[in-house]
Number of protein chains: 2
Amino acid sequence: MLDYMSSLGHVYSMKDANERMSDEALELVARRFAVLSEPMRLRLLQSLIDGEKNVNALVAESGGTQANVSRHLQTLAREGLLSRRREGLQVFYSVADESVFNMCCAVCGGIRESLKKDSKALG
Amino acid sequence: MLDYMSSLGHVYSMKDANERMSDEALELVARRFAVLSEPMRLRLLQSLIDGEKNVNALVAESGGTQANVSRHLQTLAREGLLSRRREGLQVFYSVADESVFNMCCAVCGGIRESLKKDSKALG
DNA sequence: TTGATATATGCACATATACGCATATGCTTG
DNA sequence: CAAGCATATGCGTATATGTGCATATATCAA
């Protein structure tokens with residue numbers, strides 16, 4: 001695991017042209033992007049901005065089925081984006097750290113840039 | 001198109017709990033993440049850090065087949081991450097704007113956070 | 001132990017997409 | 001026009017994954 005950390009040291013600055021990401025690091029990054037590439041998972045993350053919530057609450061807010069929401073929460077937790085805490089019958093999920101929002105904000109900013117260019121292209 | 005821009009105004013600050021992203025915005029963000037969720041596409045972006053390159057050069061650097069590289073470049077261009085410029089027989093691709101790297105850096109940072117937690121959990 | 005509630009999972013199905021192969025298109029030169 | 005090079009695309013296939021339905025597991029209460 002610490003090997004990963006050190007291998008990601010040079011990954012963080014992708015613009016450093018001298019150092020290319022390894023295949024493993026590349027797949028790790030792709031995997032993280034993939035986790036965030038589902039609208040329902042983004043919706044769940046959004047609901048969790050308020051703080052930790054149990055599955056039922058997230059089912060109600062998201063409008064998804066219990067099974068599907070549970071599976072997406074599993075995925076997010078397994079990939080390290082959510083923390084899981086059991087309390088009696090209920091399981092509470094919460095956003096693991098702030099970097100989740102950084103990723104989302106970066107993408108939203110990227111989309112804004114794309115749209116700026118599009119509107120320029122349209123005149 | 002300008003409608004999208006205004007609808008994304010509140011999207012940018014995902015942490016503003018009072019304003020939830022619309023379904024359309026959510027799908028737009030998910031789509032952007034999906035584009036970046038392929039190792040080969042990340043590799044191509046990485047190659048393009050140096051500046052614009054034609055398809056053949058990218059085929060050589062990436063190690064992929066011509067057909068596959070071409071398709072990935074199409075995807076990246078269609079989604080607004082790359083610019084396309086034709087010059088005689090060759091087609092040159094280049095990174096559309098810096099926000100692409102911001103997205104990648106944000107994700108790399110997120111991974112680093114995850115790994116930090118993992119190493120703590122392991123003792 | 002039995003029952004009730006909250007969450008997770010096995011299974012089947014539909015859809016999306018990455019990939020290789022072959023071929024088509026576009027552009028330039030002779 | 002024909003030939004050749006660079007790039008794009010149609011097609012078939014394999015694989016991944018999102019989803020719903022039913023059911024399993026886990027925890028608590030009586």
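All chains are named by letter (A, B, ...) in the order of the sequence lines, taking the proteins before the strands, and each is independently numbered beginning at 1.
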Problem - Side-chain (Ser70(B)) to main-chain (Gln66(B)) donor-acceptor, under 3.5 angstrom - result: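 No: the side chain of Ser70(B) does not pair with the backbone of Gln66(B).
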
Practice task
Would you check if the side chain of Glu113(B) reaches a backbone N or O of Asp97(A) as a donor-acceptor pair within less than 3.5 Å?
Solution key: no

I want to check one thing: is the phosphate of [N], taken as OP1 and OP2, less than 4.0 Å away from some side-chain N or O of [X]?
X: Arg78(A); N: dA8(C); result: no
X: Asn68(A); N: dT19(D); result: yes
X: Tyr93(A); N: dA6(C); result: no
X: His72(B); N: dT17(C); result: no
X: Arg71(B); N: dC11(D); result: no
X: Arg41(B); N: dA18(C); result: yes
X: Asn54(B); N: dA6(D); result: no

Interatomic distance where [atom1] belongs to [X] and [atom2] belongs to [N] [whole Å]:
X: Glu27(A); N: dA18(C); atom1: CD; atom2: P; value: 14 Å
X: Arg43(B); N: dA18(C); atom1: CZ; atom2: C1'; value: 14 Å
X: Leu58(A); N: dT7(C); atom1: CG; atom2: C1'; value: 12 Å
X: Arg31(A); N: dT15(D); atom1: CZ; atom2: P; value: 18 Å
X: Arg85(A); N: dA6(C); atom1: CZ; atom2: P; value: 16 Å
X: Leu73(A); N: dT19(D); atom1: CG; atom2: P; value: 12 Å
X: Asn56(A); N: dT27(D); atom1: CG; atom2: P; value: 17 Å
X: Phe33(A); N: dA16(D); atom1: CZ; atom2: P; value: 21 Å

Exercise for the section: Could you say whether Gln74(B) or Arg86(A) is positioned toward the 5' end of DNA chain D, judged by the nucleotide with the nearest heavy atom to each? Expected result: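 By nearest-heavy-atom nucleotide position, the 5'-most residue is Gln74(B).
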
Practice task
Return the 5'-most residue of the pair Gln66(A), Glu38(A) with respect to DNA chain D, ranking by each residue's nearest nucleotide.
Solution key: Glu38(A)

State which of [options] makes the closest approach to the side chain of [X].
X: Leu89(A); options: dA26(D), dT7(C), dC21(C); answer: dA26(D)
X: Ala67(A); options: dA22(D), dT19(D), dC19(C); answer: dA22(D)
X: Thr65(A); options: dA8(D), dA6(D), dG20(D); answer: dG20(D)

Problem - Cluster check Phe101(A), Leu48(A): I/L/V/M/F/W/Y, side chain < 4.5 angstrom - result: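 Same cluster: Phe101(A) reaches Leu48(A) through Ile, Leu, Val, Met, Phe, Trp or Tyr contacts under 4.5 Å.
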
To the nearest 0.5 angstrom, please state how far the [atom1] atom of [X] sits from the [atom2] atom of [Y].
X: Arg84(A); Y: Glu52(A); atom1: CZ; atom2: CD; value: 12.5 Å
X: Leu45(B); Y: Met103(B); atom1: CG; atom2: CE; value: 8.5 Å
X: Arg32(A); Y: Leu36(B); atom1: CZ; atom2: CG; value: 14.0 Å

Exercise for the section: Assign Ser70(B) to base, sugar-phosphate, or nothing according to its heavy-atom contacts below 4.0 angstrom with the strands shown. Expected result: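 Ser70(B): base contact, heavy atoms under 4.0 Å.
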
